[in-house]
Amino acid sequence: MVRTGQPAWEGNLLTRVVTVGDVAVGGPDPVVIAGPCAVESRAQTLELAHAVKAAGATMLRGGAFKPRTSPYDFQGLGRAGLEILAEARAATGLPVVTEVLDPRDVAMVAELADVFQIGARNMQNYPLLREVGRAGKPVLLKRHWAATLLEWLCAAEYVAVEGNLDVILCERGIRTFTHTDYNRNTLDLNVVPAVREMSFLPVVVDPSHATGVASLVPPVCFASVAAGAHGLLVEVLGERTRPEDALSDGHQSIRPSVLADVIARLRTFTPGAVAGTLA
Ligand code: PEP
Ligand code: MN
(Lines give C-alpha, C1' and ligand atoms only; values in the text may rest on other atoms or scores of the structure.)
(Ligands and ions follow the chains in the order given, each with its own letter.)
Protein backbone atom coordinates (compact mmCIF):
# COMPACT_ATOMS: atom_id res chain seq x y z
CA MET A 1 0.00 0.00 0.00
CA VAL A 2 2.99 2.31 0.39
CA ARG A 3 4.96 3.81 -2.44
CA THR A 4 7.65 6.44 -2.49
CA GLY A 5 8.86 9.22 -4.72
CA GLN A 6 5.67 9.94 -6.68
CA PRO A 7 5.10 13.70 -6.77
CA ALA A 8 1.46 14.47 -6.08
CA TRP A 9 1.12 16.68 -9.14
CA GLU A 10 2.10 13.90 -11.52
CA GLY A 11 -1.55 12.93 -11.59
CA ASN A 12 -3.77 10.07 -10.65
CA LEU A 13 -2.19 7.33 -12.74
CA LEU A 14 -1.11 5.29 -9.75
CA THR A 15 -4.17 5.96 -7.60
CA ARG A 16 -6.52 3.05 -7.12
CA VAL A 17 -9.97 4.04 -8.31
CA VAL A 18 -12.56 2.83 -5.80
CA THR A 19 -15.90 2.44 -7.52
CA VAL A 20 -19.18 2.75 -5.65
CA GLY A 21 -22.07 2.20 -8.05
CA ASP A 22 -21.49 4.76 -10.79
CA VAL A 23 -19.16 6.87 -8.66
CA ALA A 24 -15.38 6.67 -9.11
CA VAL A 25 -13.30 7.81 -6.12
CA GLY A 26 -9.70 8.46 -7.12
CA GLY A 27 -10.34 9.53 -10.70
CA PRO A 28 -9.97 13.02 -12.16
CA ASP A 29 -13.29 14.38 -10.86
CA PRO A 30 -13.51 15.20 -7.16
CA VAL A 31 -16.37 13.34 -5.48
CA VAL A 32 -18.62 15.12 -3.02
CA ILE A 33 -20.14 13.00 -0.25
CA ALA A 34 -22.71 15.13 1.55
CA GLY A 35 -25.57 14.84 4.00
CA PRO A 36 -26.45 15.30 7.63
CA CYS A 37 -24.08 14.44 10.45
CA ALA A 38 -26.79 12.15 11.88
CA VAL A 39 -29.92 10.58 10.48
CA GLU A 40 -32.46 12.25 12.77
CA SER A 41 -35.71 11.36 11.03
CA ARG A 42 -37.09 10.09 7.74
CA ALA A 43 -38.29 13.55 6.71
CA GLN A 44 -34.97 15.26 7.53
CA THR A 45 -32.91 12.64 5.69
CA LEU A 46 -35.07 12.46 2.58
CA GLU A 47 -35.20 16.25 2.34
CA LEU A 48 -31.42 16.50 2.63
CA ALA A 49 -30.78 13.59 0.25
CA HIS A 50 -32.78 15.36 -2.47
CA ALA A 51 -31.14 18.69 -1.62
CA VAL A 52 -27.56 17.41 -1.81
CA LYS A 53 -28.32 15.58 -5.05
CA ALA A 54 -29.74 18.78 -6.55
CA ALA A 55 -26.60 20.59 -5.36
CA GLY A 56 -24.45 18.14 -7.33
CA ALA A 57 -23.23 15.75 -4.63
CA THR A 58 -22.34 12.25 -5.80
CA MET A 59 -22.87 10.28 -2.58
CA LEU A 60 -25.02 10.64 0.54
CA ARG A 61 -23.60 10.57 4.06
CA GLY A 62 -25.48 10.24 7.35
CA GLY A 63 -24.80 8.56 10.66
CA ALA A 64 -27.14 5.92 12.03
CA PHE A 65 -24.63 4.95 14.73
CA LYS A 66 -23.08 8.05 16.30
CA PRO A 67 -19.82 7.96 18.28
CA ARG A 68 -20.61 10.75 20.75
CA THR A 69 -18.15 12.04 23.30
CA SER A 70 -20.86 11.97 25.96
CA PRO A 71 -22.99 8.85 26.43
CA TYR A 72 -25.93 11.14 27.23
CA ASP A 73 -25.95 12.71 23.74
CA PHE A 74 -27.99 11.38 20.80
CA GLN A 75 -26.48 8.04 19.80
CA GLY A 76 -28.24 7.60 16.45
CA LEU A 77 -31.30 5.71 15.30
CA GLY A 78 -29.45 2.44 14.64
CA ARG A 79 -31.11 0.03 12.24
CA ALA A 80 -34.06 2.40 11.71
CA GLY A 81 -31.56 5.02 10.54
CA LEU A 82 -29.98 2.58 8.10
CA GLU A 83 -33.40 1.81 6.66
CA ILE A 84 -34.05 5.53 6.18
CA LEU A 85 -30.72 5.86 4.37
CA ALA A 86 -31.59 2.91 2.12
CA GLU A 87 -34.88 4.62 1.29
CA ALA A 88 -33.02 7.86 0.52
CA ARG A 89 -30.71 5.94 -1.81
CA ALA A 90 -33.70 4.41 -3.60
CA ALA A 91 -35.27 7.86 -3.94
CA THR A 92 -32.18 9.67 -5.24
CA GLY A 93 -29.83 7.03 -6.65
CA LEU A 94 -27.04 8.33 -4.40
CA PRO A 95 -24.85 5.61 -2.84
CA VAL A 96 -24.81 5.74 0.96
CA VAL A 97 -21.78 6.19 3.22
CA THR A 98 -22.47 5.50 6.90
CA GLU A 99 -20.45 4.83 10.01
CA VAL A 100 -20.18 1.43 11.65
CA LEU A 101 -19.04 1.43 15.26
CA ASP A 102 -19.30 -2.19 16.32
CA PRO A 103 -18.03 -5.35 14.58
CA ARG A 104 -21.38 -6.98 15.48
CA ASP A 105 -23.20 -4.44 13.25
CA VAL A 106 -21.02 -4.90 10.15
CA ALA A 107 -23.33 -7.42 8.43
CA MET A 108 -26.37 -5.21 9.02
CA VAL A 109 -24.62 -2.10 7.68
CA ALA A 110 -23.35 -4.08 4.67
CA GLU A 111 -26.91 -5.14 3.91
CA LEU A 112 -28.25 -1.57 3.82
CA ALA A 113 -25.35 0.76 2.89
CA ASP A 114 -22.71 1.07 0.16
CA VAL A 115 -19.59 2.30 1.99
CA PHE A 116 -18.54 1.67 5.59
CA GLN A 117 -17.29 4.76 7.36
CA ILE A 118 -14.75 4.01 10.07
CA GLY A 119 -14.73 7.04 12.33
CA ALA A 120 -11.69 8.79 13.71
CA ARG A 121 -12.20 7.24 17.15
CA ASN A 122 -12.12 3.73 15.68
CA MET A 123 -9.16 4.16 13.34
CA GLN A 124 -7.17 1.66 15.38
CA ASN A 125 -10.05 -0.64 16.31
CA TYR A 126 -8.36 -3.63 14.71
CA PRO A 127 -11.19 -6.18 15.10
CA LEU A 128 -13.56 -3.68 13.43
CA LEU A 129 -11.07 -3.00 10.62
CA ARG A 130 -10.67 -6.73 9.96
CA GLU A 131 -14.43 -7.26 10.01
CA VAL A 132 -15.11 -4.54 7.41
CA GLY A 133 -12.16 -5.90 5.44
CA ARG A 134 -14.04 -9.19 5.12
CA ALA A 135 -17.43 -7.64 4.31
CA GLY A 136 -16.84 -6.97 0.61
CA LYS A 137 -17.75 -3.28 0.48
CA PRO A 138 -15.57 -0.15 0.22
CA VAL A 139 -14.34 1.47 3.42
CA LEU A 140 -13.89 5.17 4.12
CA LEU A 141 -11.21 5.27 6.80
CA LYS A 142 -10.98 8.47 8.79
CA ARG A 143 -7.70 9.50 10.35
CA HIS A 144 -7.64 9.77 14.13
CA TRP A 145 -6.87 13.32 15.31
CA ALA A 146 -3.61 12.14 16.86
CA ALA A 147 -2.51 9.54 14.31
CA THR A 148 0.64 9.81 12.26
CA LEU A 149 0.46 9.14 8.54
CA LEU A 150 2.15 5.78 9.05
CA GLU A 151 -0.36 4.75 11.76
CA TRP A 152 -3.20 5.72 9.42
CA LEU A 153 -1.76 3.77 6.49
CA CYS A 154 -1.16 0.77 8.77
CA ALA A 155 -4.82 0.93 9.82
CA ALA A 156 -5.71 0.73 6.12
CA GLU A 157 -3.49 -2.37 5.91
CA TYR A 158 -5.75 -4.10 8.47
CA VAL A 159 -8.59 -3.78 5.96
CA ALA A 160 -6.40 -4.71 3.00
CA VAL A 161 -4.92 -7.78 4.65
CA GLU A 162 -8.42 -9.29 4.73
CA GLY A 163 -8.54 -8.96 0.94
CA ASN A 164 -10.28 -5.59 0.57
CA LEU A 165 -8.18 -2.95 -1.19
CA ASP A 166 -11.14 -0.60 -1.64
CA VAL A 167 -10.14 1.86 1.06
CA ILE A 168 -10.73 5.61 0.78
CA LEU A 169 -8.65 7.62 3.24
CA CYS A 170 -10.30 10.64 4.88
CA GLU A 171 -8.42 13.47 6.61
CA ARG A 172 -10.74 15.17 9.13
CA GLY A 173 -8.42 17.40 11.11
CA ILE A 174 -5.95 16.80 13.89
CA ARG A 175 -5.86 18.14 17.46
CA THR A 176 -3.56 21.15 17.92
CA PHE A 177 -3.16 24.10 20.29
CA THR A 178 -5.88 26.04 18.44
CA HIS A 179 -8.54 23.52 19.50
CA THR A 180 -11.78 25.46 20.31
CA ASP A 181 -10.03 28.79 19.65
CA TYR A 182 -11.43 29.50 16.16
CA ASN A 183 -11.82 25.90 15.06
CA ARG A 184 -12.56 22.41 16.30
CA ASN A 185 -9.52 20.79 14.71
CA THR A 186 -6.68 21.80 12.43
CA LEU A 187 -6.86 20.49 8.88
CA ASP A 188 -3.57 18.79 8.09
CA LEU A 189 -3.55 19.84 4.46
CA ASN A 190 0.05 18.68 4.09
CA VAL A 191 -1.07 15.11 4.52
CA VAL A 192 -3.05 15.16 1.26
CA PRO A 193 -0.06 15.38 -1.10
CA ALA A 194 1.89 13.21 1.36
CA VAL A 195 -0.71 10.44 1.01
CA ARG A 196 -0.53 10.81 -2.75
CA GLU A 197 3.24 10.36 -2.61
CA MET A 198 3.16 7.39 -0.26
CA SER A 199 0.01 5.40 -1.01
CA PHE A 200 -2.06 4.36 -4.00
CA LEU A 201 -5.26 4.84 -2.04
CA PRO A 202 -7.54 7.78 -2.85
CA VAL A 203 -7.79 10.48 -0.19
CA VAL A 204 -10.70 12.78 0.60
CA VAL A 205 -11.02 15.63 3.11
CA ASP A 206 -13.79 16.29 5.64
CA PRO A 207 -13.78 20.08 6.09
CA SER A 208 -16.76 19.94 8.49
CA HIS A 209 -14.98 18.13 11.33
CA ALA A 210 -11.64 19.71 10.34
CA THR A 211 -13.00 23.19 11.05
CA GLY A 212 -16.11 22.79 13.19
CA VAL A 213 -17.36 26.11 11.78
CA ALA A 214 -19.72 26.31 8.79
CA SER A 215 -18.27 29.58 7.45
CA LEU A 216 -14.80 28.02 7.23
CA VAL A 217 -16.00 24.99 5.26
CA PRO A 218 -16.19 26.42 1.68
CA PRO A 219 -12.63 27.83 1.55
CA VAL A 220 -11.28 24.63 3.09
CA CYS A 221 -13.14 22.63 0.40
CA PHE A 222 -11.31 24.58 -2.30
CA ALA A 223 -7.94 24.31 -0.55
CA SER A 224 -8.35 20.55 -0.17
CA VAL A 225 -9.07 19.95 -3.84
CA ALA A 226 -6.25 22.30 -4.80
CA ALA A 227 -3.91 20.20 -2.65
CA GLY A 228 -4.93 17.07 -4.53
CA ALA A 229 -7.83 15.60 -2.53
CA HIS A 230 -9.93 13.20 -4.57
CA GLY A 231 -13.09 14.43 -2.91
CA LEU A 232 -14.85 15.92 0.09
CA LEU A 233 -17.10 14.67 2.88
CA VAL A 234 -19.36 17.55 3.89
CA GLU A 235 -22.04 17.87 6.56
CA VAL A 236 -25.21 19.65 5.50
CA LEU A 237 -28.31 20.83 7.35
CA GLY A 238 -31.70 21.93 6.06
CA GLU A 239 -31.99 25.35 4.48
CA ARG A 240 -34.25 26.53 7.30
CA THR A 241 -32.99 24.38 10.19
CA ARG A 242 -31.37 26.31 13.03
CA PRO A 243 -27.86 24.91 13.70
CA GLU A 244 -28.68 24.59 17.42
CA ASP A 245 -31.65 22.39 16.56
CA ALA A 246 -29.55 19.72 14.82
CA LEU A 247 -28.95 16.73 17.10
CA SER A 248 -25.24 16.78 16.24
CA ASP A 249 -22.74 19.07 14.51
CA GLY A 250 -25.21 21.74 13.36
CA HIS A 251 -22.70 24.57 13.66
CA GLN A 252 -20.29 22.95 11.22
CA SER A 253 -22.97 22.00 8.68
CA ILE A 254 -23.44 24.10 5.54
CA ARG A 255 -26.73 24.80 3.73
CA PRO A 256 -27.60 22.98 0.49
CA SER A 257 -27.45 26.33 -1.34
CA VAL A 258 -23.87 26.84 -0.12
CA LEU A 259 -22.98 23.27 -1.12
CA ALA A 260 -24.36 23.94 -4.61
CA ASP A 261 -22.16 27.02 -4.90
CA VAL A 262 -19.08 25.11 -3.70
CA ILE A 263 -19.66 22.27 -6.18
CA ALA A 264 -20.25 24.68 -9.07
CA ARG A 265 -16.94 26.40 -8.33
CA LEU A 266 -15.12 23.09 -7.93
CA ARG A 267 -16.14 22.13 -11.46
CA THR A 268 -13.97 24.99 -12.75
CA PHE A 269 -11.19 24.10 -10.35
CA THR A 270 -9.94 20.56 -10.92
CA PRO A 271 -6.93 19.11 -9.09
CA GLY A 272 -5.27 18.33 -12.41
CA ALA A 273 -5.54 21.94 -13.55
CA VAL A 274 -4.35 23.39 -10.27
CA ALA A 275 -1.58 20.85 -9.79
CA GLY A 276 -0.45 21.47 -13.36
CA THR A 277 0.30 25.08 -12.50
CA LEU A 278 2.41 23.91 -9.54
CA ALA A 279 4.52 21.58 -11.62
C1 PEP B 1 -18.82 12.08 11.46
O2 PEP B 1 -18.43 11.96 10.28
O3 PEP B 1 -19.96 12.51 11.77
C4 PEP B 1 -17.87 11.79 12.56
C5 PEP B 1 -18.29 11.39 13.74
O6 PEP B 1 -16.60 12.04 12.21
P7 PEP B 1 -15.18 11.77 12.96
O8 PEP B 1 -15.11 10.28 13.14
O9 PEP B 1 -14.19 12.30 11.98
O10 PEP B 1 -15.21 12.52 14.26
MN1 MN C 1 -20.46 14.91 12.51
Side-chain angles (χ1 to χ4, degrees), residues 31-40 44-45 48 52 57 59-71 73-78 81-82 84-85 96-102 105 109 113-125 128-129 132 138-147 151-152 155-156 159 167-176 179-180 183-189 191-192 203-214 216-217 220-221 224 229 231-238 241 243-255 259:
V31 296
V32 177
I33 306 163
C37 175
V39 174
E40 299 181 7
Q44 168 248 18
T45 303
L48 283 174
V52 302
M59 286 200 257
L60 175 66
R61 67 145 288 149
F65 297 97
K66 294 306 301 174
R68 305 306 299 280
T69 301
S70 165
D73 286 339
F74 176 61
Q75 303 285 305
L77 298 179
L82 295 176
I84 291 169
L85 287 168
V96 165
V97 181
T98 197
E99 180 161 359
V100 59
L101 289 177
D102 187 323
D105 294 331
V109 175
D114 302 287
V115 177
F116 295 108
Q117 177 172 320
I118 300 295
R121 292 158 187 78
N122 273 316
M123 189 203 84
Q124 288 180 315
N125 182 336
L128 180 62
L129 294 172
V132 295
V139 176
L140 184 138
L141 177 62
K142 288 193 155 195
R143 179 190 187 186
H144 187 270
W145 52 81
E151 287 164 344
W152 190 19
V159 178
V167 180
I168 303 159
L169 299 168
C170 179
E171 158 65 20
R172 46 76 75 207
I174 55 173
R175 179 74 56 86
T176 74
H179 182 59
T180 71
N183 57 6
R184 179 176 181 181
N185 290 290
T186 298
L187 174 64
D188 180 8
L189 200 53
V191 90
V192 172
V203 58
V204 302
V205 169
D206 169 353
S208 307
H209 294 86
T211 65
V213 181
L216 302 184
V217 167
V220 170
C221 288
S224 301
L232 302 164
L233 180 81
V234 184
E235 289 184 338
V236 176
L237 88 169
T241 308
E244 54 273 31
D245 290 340
L247 294 180
S248 59
D249 288 348
H251 291 282
Q252 66 190 34
S253 299
I254 60 172
R255 309 284 182 189
L259 182 72

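Just follow the structure's listing: the first ligand is 1, and inside any ligand the first atom is 1. Keep in mind that this is a model prediction, so the values were computed, not measured.
- Below 4.0 Å from some heavy atom of Glu235 lie the following atoms of ligand 1, by number and element: 1 (C), 3 (O).
- Rounded to 10°, the angle formed at the Mn ion (ligand 2) by NE2 of His209 and OD2 of Asp249 is 90°.
- Ligand 1 has no N or O atom lying under 3.5 Å from any N or O atom of Leu233, backbone or side chain.
- Atoms of ligand 1 lying under 4.0 Å from at least one heavy atom of Gly119, given by number and element, are 8 (O).
- With rounding to the nearest 0.5 Å, the separation of CD1 in Ile118 from CG in Leu169 is 12.5 Å.
- For the pair Glu99 and Lys142, the salt-bridge criterion is not met [side-chain N within less than 4.0 Å of a carboxylate O].
- Considering backbone and side-chain N/O of Arg61, one or more are found under 3.5 Å from N/O of ligand 1.
- For atom 4 (C) of ligand 1, the closest heavy atom belonging to the protein is His209 NE2, 3.4 Å.
- At least one heavy atom of Cys37 sits less than 4.0 Å from an atom of ligand 1.
- Closest protein heavy atom to atom 9 (O) of ligand 1: Arg172 NE, 2.6 Å.
- With hydrogens and angles disregarded, no donor-acceptor distance shorter than 3.5 Å links the side chain of Glu171 to the backbone of Arg143.
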For this session: Could you go through the side-chain hydrogen bond (donor to acceptor under 3.5 Å, both in side chains) check for Asp249 and His209 one step at a time?
Result: CA-CA 8 Å; Asp249 288 348; His209 294 86; 3.0 Å; yes
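- Among heteroatoms of the N, O or S kind in Glu235, OE2 lies nearest the Mn ion (ligand 2).
- Each of Val204, Leu189, Val192 was scored for a side-chain contact (heavy atoms from CB on, under 4.5 Å) with Ser224, with one residue passing: Leu189.
- A donor-acceptor distance shorter than 3.5 angstrom exists from the side chain of Ser208 to the backbone of Glu235, with no hydrogens or angles considered.
- Under a 4.0 Å N-O distance rule, the pair Lys66/Asp73 does not qualify as a salt bridge.
- In this comparison of Arg143, Lys142, Lys66, the heavy atom closest to atom 3 (O) of ligand 1 sits on Lys66.
- Of the possible donor and acceptor atoms, none in the side chain of Arg172 sits under 3.5 Å from a partner among the backbone N and O of Ala120.
- Protein heavy atom nearest atom 8 (O) of ligand 1, with residue, atom name and distance: Ala120 N, 2.8 Å.
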